[in-house]
Each structure stands twice: as structure tokens, then as C-alpha cells.
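We name chains A, B, ... by the order of the sequence lines, and we start the count at 1 in each one.
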Amino acid sequence: MNKDHLQKHGSTMVEKILAAKAGQARVSPGDLVMIKVDLALGNDVTAPVAIREFERIGFKRVYNPDLIVLVPDHFTPNKDIASAEQVQIVRRFAEQHGIKHFYDVGRMGIEHALLPEKGLVWPGAVIIGADSHTCTYGALGAFATGVGSTDLAAAMAIGETWFKVPGTTRFEYHGFLPPWVSGKDLILYTIGKIGVEGARYQAMEFAGPVIDKLGIDGRMTMANMAIEAGAKCGYIQPDQITFDYLKDRVTRPYYPVYSDQDAVYAKTISYVVSDLEPQIAFPPSPDNVFPVSEAQNIVLDQVVIGSCTNGRIDDLRVAAAILKGKKVHPKTRLLVIPATQEIYGTALEEGLLKIFVDAEAAVSTPTCGPCLGGHMGILAKGEVALSTTNRNFVGRMGHPESEVYLCSPAVAAASAVAGRIVHPEEVI
Amino acid sequence: MILEGTVWVFGDNIDTDAIIAARYLSTIVPEELAEHLMEDIWPEFPRLIKPGDLIVAGSNFGCGSSREHAPLAIKGAGISCVVARSFARIFYRNAINIGLPILECEEGLDTLRSGMDRLQVDLGQGLVTNVQNGDIYHSAPFPPFMQELIERGGLVAYVKAKFGVKY
Ligand code: SF4
């Protein structure tokens, strides 16, 4: 990236990244640009479609095998013959084209937890993924967004894609985070305020003193759910917390990009969060959000702690702190799914998995599993689940007449013990 | 690229289920999908339109699912362009990728009458002209690579033509 482009004034981080990659002095919201991508991602659901398109175009070779990342995570370890065959297509394609960033069972993780961990995401990078939660990587100061399988096929073939430059809305969080309140609560609160179309087409810039102190895992949770507000991407400008995380992971040189002081925003929205309660998204939409005190007597059949939203090590640590020495309620099932193999290993070393098992939770190898109602914990008719995932649409986790509530790992762990939705303080 | 045709006017938040109902998703042949275009909200619509006509809509056109069938159905019906106040993001991407011209235009759409008024659209200049009264409205123009992409019929054809020979 040419450093000259980084000096221009009046632009947001996303505008500056896109301008630099397009080789333009600056870009404005609404502009269409064709740019080189740094990484193109596919999973076991979307990559087979992209591979078919790629072959239909008539290409024999990929543009650059090192730009492609393939992570079978949705129906793995494969739940049936059909899903095994989907992964087989991806595995063969990876072998045929020398794609080294292919992560199979035992080495994998949920894609959006895995890529940052493997050092494949850096500030200033442009990343597309055929998965809507690709926006997670904005937490590290990258421009990252979800696209379709046709886009992925074209990017694998030519290493480029087109973008319409989004306008940016800045969200500032002031005050301090109360105990048991996390990044998940901030993003649920925000989506509850602005709605599922509230940031349509936009980049969401998360900033302010609360974000400055938020750990990298909480930041990823927030950027992850930008799509649930309709956004193209969500991001946090890189700082020391980012650089500490990237150290020993990203070995290539990179140039962090920041919004200018005089950046032009579509809107700036400020929240004071010092009195914020843990937040719950009621079915059937992630913007149907209420404070936990208004979630009275919601009895739970199943609780899930995991996913690309909240299956990271900080999430497991919070859950273990609450579950230590306690048992899951006899009428409730708790599933804990570390998001990657590395997180699984760390949780093992720190004794967290023992705490979960002793509490009578089921601990699984990394997988998307129940998050999309794929496998590993499907709900029956009439069942109610509380989950740290990101979507609670009708039938998301099983039967169309089952229900999913969304929350933070702290609320999930405490509620698993109580057998109903509670504030963590109730069981501590 | 300059397009001209009779307009058919729709409101806000026309979702992908309205554009093409889920029960028809078993095909991806544009002409077959086109027989059911907008069927659930305007049953006679597929028989009213002529090739080259335009769809005009309010905000958030194409919201809902990410199905590529929605722009395919519109293209299969011979609609030359969709002009809307705004589009849902994935519909926008899908439309461009299959080579359906679409344009965002903030003003001047409210007074248009279905099946009567005509619009002229200049994609390169980003100009929308009301043929009746000559009013001109401005939109963001398409850069040359996007015009080429659309003229070639979409992303796959564009990639193939531009880079296919090299490999
Ligand atoms: S964990 Fe859920 S939201 Fe995340 S990638 Fe997997 S299925 Fe999608």
C-alpha cells in the first residue's frame, strides 16, 4: 500500500483502505471501484458453488493459491453423506490448486475465529468471504465483507473484485462497562436501537472510551454482528490492543489505517453505557432486544455457548468463572463449543473444559453446528434455547416452532445453572 | 450505455419473495423465472411488460434473501434497468454480477405512472431523464469497468473475456 494515500484528509478508515487499493487519491461513498483482494474465503456450504462457477468460467488455475482460504466448518465433522461430499469437493480443489490455507477437521475452527488466529487478517487488508459474518475482521482494522459464491469464484480466478464504497456511521460508547456487561451486550443494544436495517449499506465504526478498553475478543463479537444491522462492514481502528494480538501472528509488513480527524460520517450516534444491563434479543429477530431484567420466567431447554460470535477464549473464561463448582439445571442442556482447535487447547490447559464437564455440560470439537440448526443440538417443536450466537430467526436452531434468545456468554452460563434466563449476579 | 423504456412503478421494501416466490426456485433459467415475476403482488405483471421496459421502485428494493434468482427473473423478463431510491445490498451485488443494470436515484420517481411514462437512463453519465417532461435527475455514474461488466452480461462473462485467454 502506498503511504501517500494514507495522508489524505476527510476520509474514514474504510474509504482510505479502498482508495489505496484502487490506486486513487480518495474515494467517496457511492463510488464503484475494482480492487485487488488480499484474501478470499469460502466454507463447506459456499465454496462448492464457487468452485463449480470457477470451473464453468473455464479457468485451469487460480490467480494465487495463497489468497484463498477454505474452511469447512458448517457441517463438520461431517454429519451425513451429502455434507461429506461437499467437503470432498473443497478438499480436492485445495489439493489440485496447492491451496495451503485449507483447514480440515482437527486443524480447523469456525472460519471467523480461525482466520485472525492464523495471522491471515491484518490492518488495512481487504478480505471478502462467501459468508455474511466475514465482517468480523473489521475488529482488527481490515475492510472485510460478505459476498456471494459468484463473487468468490471471480476473486479466485482474477484476484480482484468490485465494491461500492459505503458511507460510514460512527458509534461512540461512553462511560464504562458495568460488571458482567460485554461487547455482545453493546452490539445487541446497538442493533436493538437502530434495527436490522439501521446500518444498511453502511460501514459501522465502533469507537469511544469503552471500545478503547475492550479486549480483542469483545471487539470481534461486535464487528461480527454488524451484518445483523444490515451493514456492509463493522470496524474498530487498530490500537495497542490490536497490535498486541497481531504480534507473533502476522509476520508480513502492514500499514495501519485510521479515520481522519475531519472524516465525514453519514451520522454519529453516541451511547452512555455505564448503566447498561446485559441484553437479550428475543425471538425472532436480533433487533428485538430487551434488558435481562425484562426477560422474566423464560424457562430454557437448551443453552449454547459458542459460534463465530462468542466461542473465543475470553468467552469460555467468563462462562467457566460462573460455572465453576456448579451444575447445569437438571431440566436444561448446556453445549459448549470452543470456536477453534487453538481455543480448545487453551481451554484444556487452563482447566476450563474440566469445569464445563464437571458442571454437566456437553463439550464439542469446533463446529458451527447448532448455530445454523445444522447438527449437534437441534431443537424440537416448542423448545426454547438461549444462545451466544448471532441469529434467532424462525427455525434457526431447529423446528420452526422452537425459539432462540440471544445473549452474552456470562448470561448463557448463569442461565444454564438457573434453568431460565437470569442476570449472572443471581447465581454468583 | 443508454436505455429507454416504459416504466412500471413499485413501492418501498419490495422483497425477493415478492420479486420471485420461493416455490419457483427449482429453476435458474431466467425466462422461466420471468413468467412468475412479481406474481404474488401483481399477478398480471408478467403479461403487461415488453422487453426494454424499466422497473421503478422506492427504497430498499430487493431486500430479504440473497437469492440470485430475483435479478435473474427481472433480466429474463427483458427489463432493461431498475431505477430505485435505494437497493438492498446483496440484491445490488447480485444484479451487477448477472449483468442487470440498476441505478439509484433519489428524486423524480414519485410522479411516474405505470405503463404510461417513459424514462431514459444513461449509465455512463448517471443521468435519468423523464421523457414526458424532459426533467433530468442525477445519479452516480457507472465507471467504465462496470459498464463493460454489464454490457458483457455479468461478472462471469466479464472475467472470462478479460482474463480467460491468459490461462
Ligand atoms: S458460527 Fe454460525 S454465524 Fe458463524 S459462520 Fe458458523 S453458521 Fe455462520
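At least one side-chain heavy atom of A:Ile35 sits less than 4.5 Å from a side-chain heavy atom of A:Leu18. With a 4.5 Å cut-off on side-chain heavy atoms, B:Phe10 and B:Val82 do not count as touching. Here the side chains of B:Asn94 and B:Ile90 are in contact, with some heavy-atom distance below 4.5 Å. Between A:Gln86 and A:Val90 the shortest side-chain heavy-atom distance does not fall below 4.5 Å.
The parts of B:Tyr92 that come within reach of chain A are both its backbone and its side chain, each placing non-hydrogen atoms under 4.5 angstrom from that chain. Neither the backbone nor the side chain of A:Asp31 comes within contact range of chain B; no heavy atoms are under 4.5 Å apart.
When each of B:Ala140, B:Ser86, B:Cys63 is scored by its heavy-atom pairs under 4.5 Å with chain A, the top score falls to B:Ser86. Across A:Glu197, A:Glu160, A:Arg56, A:Glu53, the residue that shares the most heavy-atom pairs under 4.5 angstrom with chain B is A:Glu197.
Judged by distance alone, the side chains of A:Thr145 and B:Arg89 do bring a donor and an acceptor atom under 3.5 Å apart. A donor-acceptor contact under 3.5 angstrom links the side chains of A:Ser132 and A:Arg391, judged on distance only.
For residues 147-157 of chain B, a heavy-atom distance under 4.5 Å to chain A picks out B:Leu149, B:Leu155, B:Val156, given by residue number. Residues of residues 115-137 of chain B placed with any heavy atom under 4.5 Å of a heavy atom in chain A are absent; none qualify.
Closest approach of A:Ile191 to A:Pro286, counting heavy atoms only: CG2-O, 3.6 Å.
The aromatic rings of B:Phe45 and B:Trp8 sit perpendicular to each other, their planes meeting at more than 60°, with 30° as the lower class boundary.
If you run ring pair (Phe, Tyr, Trp, His ring centres under 6.0 Å) between A:Phe143 and each of A:Phe163, A:Tyr137, A:Tyr235, only A:Phe163 comes through.
A side-chain donor-acceptor contact under 3.5 Å links B:Ser139 to the backbone of B:Glu104.
Separation of the A:His97 and A:Phe54 ring centroids falls under the 6.0 Å cut-off.
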